[in-house]
Structures are given as structure tokens and as C-alpha cells.
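Lettering of chains follows the sequences in order, A, B, ..., and the numbering in each one begins at 1. Values in this document were obtained by computation on a predicted structure and should not be read as measured data.
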Amino acid sequence: MARILITSAIPYINGIKHLGNLVGSQLPADLYARYMRLQGNEVMFICATDEHGTPAELAAMNAGIPVAEYCAEMHQVQKRLGEGFRLSFDHFGRSSSGRNHQLTQHFAGRLADNGLIREVAEKQVYSKEDGRFLPDRYIEGTCPACGYERARGDQCENCTKQLDPTDLIDARSAVSGSADLELRATKHLYLKQSAFRERLEDWIETKFDWPVLTTSIAKKWLRDGDGLQDRGITRDLEWGIPVKKGVEDWPGMEGKVFYVWFDAPIEYIAATAEWADANGMPDSEWHRWWRTDLGADDVRYVQFMGKDNVPFHTLSFPTTILGSGEPWKLVDYIKSFNFLNYDGGQFSTSGQRGVFMDQALEILPPDYWRWWLLSHAPENSDSEFTWENFSDCVNKELADVLGNFVNRVVKFGMSKFGATVPGGGEWQEAEQFCAQTISQLVGAYSAHLDNIEIRKAARTLRAIWSTGNEYLQAAAPWSAIKTDPERAETIISFSLNLINLYGRISSPFIPDASAAILASMRSPSRAWPASAAEEMKALEPGHAYDPPDVLFRKISKEEVSIWKNEFAGGSKPDPD
RNA sequence: GGGCCUGUAGCUCAAUGGUUAGAGCAGAGCGCUCAUAACGCUUUGGUUGGGGGUUCGAGUCCCUCCGGGCCUACCA
């Protein structure tokens, strides 16, 4: 038994996430957590909401409520949606928690003590009407290169030219539209990532088994131009973690908060502490996951995230961890994902284009989405959601291959032998062959899951389901029952055990259907099968079961056409 | 501009430099009748984006061109 620490990139508090966000971190992390638990490992699966930063403040302002209140509400919404998708977090924390305040300030203090923080005086755009400093992309104006009138302060979307906010003609606040802007002096703390360039590079170089996506992004940042740059870790905002050196004030930094990307990864640790607090446990319980001097030396730590988060997890956060000089657990494996597109374009939050987590659950149960999203996880390149592909996969793979197999076996068994597993005789060639095939496939499935090769695992699981139909067709109990009832008993007994096995191994992908199968089979165990062949005899003759309802309904062509239209969204471009 | 990823059957995707490039879906044919008209078997379908090169051998490595995507450090 191993100990596995799993974190999913923490979703930003600003609004409900779309299916692309879901499949980029939380869902695959859940798949892995569920599998590792089934294997009998001790798992700590952590996620949280990422609550700080300018967009949160603006969203609260638009909603007309205080930002703390806004975040508390949205946290509850995201938590409920996570539960709706059966994300099995051990704790779903908040980056605004007291624990994270404490830890973030602690890390900053340690980094300062170790000479890894420097102060930088700079000038930034301040909007008098908004009463706030504006990040570059929140300043709009006319592009000096192409004349596009809605260019942003960091880049012109029209001609892709990199810009500085001062380059813009007729610059104005993207928040209020006010042109009353000025360059105002301010001071910020920078994390000296550059001091860790070599050490990080040596570390990344040893990770030959990480996805190319992860290492290539990290190397690009390490080697591009003058190499890894120092990064500002404070902001002039109201909402956030006040800048402190441990528990001490930080002279000159009054009124400032830490940058969201400094405190967000620390929340992985803080959320584990929140978990201990919520369960009335002492600190030693979360220390044993995070402190290698306090029991975490045998922990394997795996992170899941979209590609946009890779630099922070391969460079900034490791600098924070290593720079602290304390024995915190460093990540062992980073699984990163490309993006999911929607029907020929991008998902768009502002344009409401695509399917969002709340909408998805309103129209279909979570297993349907989990199955499609995971079996199409954008592991090697961006992938694309289309309603046709989605409904084809659900109808064929879930309803026909798996659902119908369960249904045909149970209906036949019920009508001939009642709601108990029949006896029958010895296995014949068909059973031997099927058991052997299943055994091989389960081995391959397990190996894919160990390696976090999600699409391959899904494909293999599908083959395992399909093997049941092949077996049943060859064994043909509906013929045997007429001449050799005992033979029919053997076949149904074997098939019911196959169903039971499916319930056991499918749960990482489709937890609800798996639970329904296991409940109806009154399955004696939920653990991962030690031997697939032995497993085929787990339900003994005379074992009673309850016929399950139809596991998956089909999606009609009419629904596809309705939904396709409903979720097409407007034409508004997405600033995200 | 720079970097990385990507382009394989109508669609979604596989193929440590090594037989004749494979699966699933869709299409076609046959079979079966237990089942959500479900299942099984067989089968059609390819100049691996174009061109050049290295090699005994290239989907795979190199160069170049074309298309798609992401990142490019003050969104997160």
C-alpha cells in the first residue's frame, strides 16, 4: 500500500466552470484518486477555489456585493457542482482560508529570511475613477500599429503585437471606460526565481517520464531569452492575503496583498490543513502528507492541471518550496492537459458558448459527461466536443455495450432462474477463453491507469465491456436453455459475475452506474479484483441480487439538435 | 517575431525507426433473437498535409512549405 497525494489545479472563483476546465484538471485527478483508492492505497485528494485577484473583485462589484460574500457564495456553488460530478475530494478548500493566510505569510517570511525576495519600485497605471491600479489587460485603447480600437494594454488581439499600456492611443479603463488614468509609483516584492534557474533545470531534466507538454513549457521558461525571470508576488488590491513576513508586519508593504499565483499553490497545503481542522485532527495528520521530516517521505505527490498552469507548478511553486529551506514535499509527477474546444471553436465564458458544469448536470447525469470527457481527455493535443460525437459515444458505448449487456443478462436470468445466481456446471472453453481475455485486458487497463494514460484506459475498459457481449453471443444461453438447462445456468452465472466485475473496475470513470451495479448485485466487495479469473466466481450459486434499472438512457437526435442550438452562445469574443 | 504541440480512413483516435499503417464509430453484407432495434461475425474505406533529404528500411528522424492550436512572464 502506497500513500498518494493528489491535487487538482484550483478553479478560479469567478463564475461557473465549463467542461473544458473540468476535463483539464479536476476530472482526471478524480479518476486517478478513485483508482488509487480502489487499489487499496491511502489517498489524499485536494482541491479548492482560487479566490483572489482582480477578476474576483470586479465580478463581486458587478454583482453588487462585497467580495468576501461573493467568494463565499461562489465557493458553495462550485462545491455543489463538484459533488454533482462526483469529484471525490477529501477536502475542497478556499484559498482565502485562515490556514492559507498563515502559510502564505509564513512562506514569504522564510523566503525573505533566505534572501530570495527583493523590493522593486515601479510605475503602474492607476485609474482614479475606479480607484484601483489596473493590470495591463484591463486597459483598452487604440493600437498604435494597426489602429484596432479595442486593443488591450498587454497585446493587440487584432494584429497580435505586444504592447505596453503607455503605447495605447486614447487609453481607458476596461472596467469603467474612464480615460482618467495616470502612471503612479508603487513598490512590489519579487520572488528571485532566477536564483533557482539551474537547480530547477537540473530537477526538470530528471523528469523524463513527465508529459512532454509539462517539461517543454518548463524548459522554455527556463531557457528563453535571459532565462528564468524574477516574478512579482504582490499586488495593490483590497482582497487577498495581506503582505506579512511570517507574523510580522512588512515595512513599506502596508495595504498590499500577495499575488494570487503566489498564494494559490500554497493552498494545496493549506487545504490539507483545513481538512484536518474540519475533522478535528491535530496538525500531525496533515504534516504527514506535506512534511518529509514528519512522515511524508514515502508520499507520492501527483498534480493535475491545464497547460496554462504549468509554469506556476514547475517553476514558481517549486521555488517557494525549495526556497523556504524547510522540508516540504515537492511534486513527483505533473500531468498536464491541452484544451477542450467546443464545436469548431473555443468555449467562451462571457459569450456563454459551450456547456457549463451546471447546465451539463441539468440535462444529463454525471456519468454520461465523465465518460465522454475522460475518454476524450486532451492529453496529446487539443480535442473537440461535438454533440454528435458525444451522443454517439454515450448511446453506443454506455447504453448499448455496457448498459444493454447488463440488461440482457439480468432479464434472461430473472425469467429463467429468478433473482439468484444459478448453479450450473464446470466452465467450458467459452468461459475459459473469456476469463483469460478479461484477465489480460484488466491487466492492461490497470497499467494504463497507473501511468495516467486516460484515453488508453477508457479504450481498454470499453474492450472489457465488449468482451461480455462477444462471450454471450458465442455461449448463446437462449439456445442452451432448450436442450441443456444446466449449461444455461453456467452461462448466466458467469455473466452475472462479469457484471459484478464491471461494477468494480468501472467506478473511476462512471461511479454512479458502478455503484448501481454493485448495489443490485449485492456485491460482497468493492475493492480492485486481485485476480480477474477468481473474480468470475465471486458471486456464488444461490447469491441473491436485485435487478437493476436501465443504467443509461439514449440521447435522441431531437435532443442533439435542441442542445446544439441552445449552447451555441452569442458572437461575443471572450476576454478570458 | 520566438518557442512548443499538432496534421494518419467520412468522424474520434492507435502504431520502442522494422512484416501488407491498425481500432472504435459511421457505411455495406451476413447471422442471432436473451436484450434499451440491442448483440456477434465479415467487409468497403489511406499517395500518413505537400515537397525534399538521411537510412537496408520513415507515419516515426532532418530540412522546407502549408494548415490548426497553445504559450510568450501584469488575466488567472
Side-chain angles (χ1 to χ4, degrees), chain A residues 9-14 50 52-56 58 122 124-125 133-139 152-155 160-162 164-165 174 188 193 211-213 215-221 223-225 228-232 235 259-261 264 306-312 315-316 338-339 341 346 372 375-376 378-384 386 388-390 392-393 395-401 403-416 455-456 458-459 462-463 466 468-481 488 491-492 495 550-554 575-576:
Chain A
I10 63 180
Y12 197 65
I13 194 71
N14 178 14
D50 178 14
H52 299 134
T54 308
L58 296 179
E122 52 196 10
Q124 287 189 350
V125 176
F133 283 96
L134 293 173
D136 291 356
R137 66 164 46 201
Y138 283 93
I139 301 156
R152 292 191 319 212
D154 54 346
Q155 184 173 37
T160 73
K161 186 179 165 61
Q162 302 277 322
D164 195 81
H188 284 295
Q193 300 185 138
V212 179
L213 187 63
T215 51
S216 66
I217 291 173
K219 286 176 186 173
K220 157 75 173 164
W221 279 58
R223 295 170 184 172
D224 192 39
L228 185 62
Q229 301 298 298
D230 296 341
R231 181 181 275 274
R235 292 289 183 274
Y259 172 44
V260 53
W261 260 116
K307 57 184 164 186
D308 50 335
N309 287 348
V310 168
F312 301 102
L315 307 170
S316 314
N338 286 282
F339 294 146
N341 289 318
Q346 293 184 335
W372 188 89
S375 62
H376 293 78
E379 289 176 293
N380 297 324
S381 62
D382 291 354
S383 63
E384 176 159 310
T386 64
E388 289 80 4
N389 189 276
F390 173 66
D392 283 352
C393 286
N395 290 349
K396 189 71 195 177
E397 300 176 347
L398 292 182
D400 291 348
V401 174
N404 182 57
F405 176 73
V406 172
N407 195 44
R408 67 195 292 210
V409 168
V410 168
K411 285 268 173 69
F412 185 86
M414 286 287 292
S415 70
K416 306 299 179 191
R455 279 182 309 189
K456 284 183 182 171
R459 181 206 280 253
R462 200 207 103 100
S466 197
N469 282 313
E470 289 163 27
Y471 161 74
L472 204 61
Q473 192 70 26
W478 50 88
S479 300
I481 191 79
I491 297 166
I492 293 307
S495 299
V550 165
L551 289 173
F552 302 99
R553 77 169 183 86
K554 294 212 187 191
D576 291 348

Give me the distance, rounded to whole Å, that separates [N] from [M] when you measure between the [atom1] atoms they each carry.
N: B/rG69; M: B/rC63; atom1: C1'; value: 23 Å
N: B/rG18; M: B/rA37; atom1: C1'; value: 46 Å
N: B/rA15; M: B/rG51; atom1: C1'; value: 25 Å
N: B/rG29; M: B/rC71; atom1: P; value: 48 Å
N: B/rG59; M: B/rU8; atom1: C1'; value: 7 Å
N: B/rA21; M: B/rU33; atom1: P; value: 38 Å
N: B/rA23; M: B/rG45; atom1: C1'; value: 14 Å

- Item | Comparing A/Asp154 and A/Ser383 on RNA chain B - which has the more 5′ nearest nucleotide |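 The answer here is A/Ser383.
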Closest to the 5' end of RNA chain B, once A/Arg408 and A/Asn341 are matched to their nearest nucleotides, is A/Arg408
Whole Å only: how far is the [atom1] atom of [X] from the [atom2] atom of [N]?
X: A/Asp224; N: B/rG1; atom1: CG; atom2: P; answer: 16 Å
X: A/Lys220; N: B/rG2; atom1: NZ; atom2: P; answer: 11 Å
X: A/Asn469; N: B/rU36; atom1: CG; atom2: P; answer: 13 Å
X: A/Phe133; N: B/rC75; atom1: CZ; atom2: C1'; answer: 18 Å
X: A/Asp136; N: B/rU72; atom1: CG; atom2: C1'; answer: 14 Å
X: A/Trp221; N: B/rG3; atom1: CH2; atom2: P; answer: 17 Å
X: A/Phe390; N: B/rU12; atom1: CZ; atom2: P; answer: 17 Å
X: A/His52; N: B/rC74; atom1: NE2; atom2: P; answer: 19 Å

Contact class for [X] (heavy atom, under 4.0 Å): base, sugar-phosphate, or nothing?
X: A/Gly53; result: sugar-phosphate
X: A/Pro477; result: nothing
X: A/Arg553; result: nothing
X: A/Asn404; result: base
X: A/Val260; result: sugar-phosphate
X: A/Glu470; result: sugar-phosphate
X: A/Lys456; result: sugar-phosphate
X: A/Lys554; result: base
X: A/Glu122; result: base

Less than 3.5 Å between a donor and an acceptor, one on the side chain of A/Gln124 and one on the base of B/rC74, is that the case here? yes
If you measure from the Lys or Arg side-chain nitrogens to the Asp or Glu carboxylate oxygens, is any gap between A/Lys220 and A/Asp224 under 4.0 Å?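 Salt bridge: yes.
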What's the spacing between [X] [atom1] and [Y] [atom2] if we round to 0.5 Å?
X: A/Leu398; Y: A/Trp372; atom1: CG; atom2: CH2; value: 13.0 Å
X: A/Asp164; Y: A/Asp136; atom1: CG; atom2: CG; value: 6.5 Å
X: A/Asp400; Y: A/Lys554; atom1: CG; atom2: NZ; value: 3.5 Å

Please tell me if [X] has a side-chain N or O lying less than 4.0 Å from either OP1 or OP2 of [N].
X: A/Tyr259; N: B/rC75; answer: no
X: A/Arg137; N: B/rC75; answer: yes
X: A/Ser466; N: B/rG40; answer: yes
X: A/Lys307; N: B/rU6; answer: no

Mind listing the N/O atom pairs, protein and nucleotides 21-26 of chain B, below 3.5 Å?
{"residue": "B/rG24", "atom": "O3'", "partner": "A/Arg462", "partner atom": "NH2", "Å": "3.2"}

In terms of side-chain heavy atoms of [X], which of [options] is nearest?
X: A/Asp308; options: B/rA76, B/rG40, B/rU6; answer: B/rA76
X: A/Thr54; options: B/rA76, B/rC74, B/rC34; answer: B/rA76
X: A/Phe412; options: B/rU36, B/rC34, B/rC74; answer: B/rC34

Check your understanding: Shortest non-hydrogen contact from A/Phe412 to A/Ile492?
Key ->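 Residues A/Phe412 and A/Ile492, closest heavy atoms: CD2-CD1, 3.4 Å.
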Atom pairs, N/O to N/O, protein against nucleotides 30-33 of chain B, distance under 3.5 Å?
{"residue": "B/rG31", "atom": "N2", "partner": "A/Gln473", "partner atom": "NE2", "Å": "3.1"}
{"residue": "B/rC32", "atom": "O2'", "partner": "A/Trp478", "partner atom": "NE1", "Å": "3.4"}

Where RNA chain B forms runs of at least three Watson-Crick or G-U pairs (i with j, i+1 with j-1, under 3.5 Å), the stems are B:1-7 with B:66-72, B:10-13 with B:22-25, B:27-31 with B:39-43, B:49-53 with B:61-65
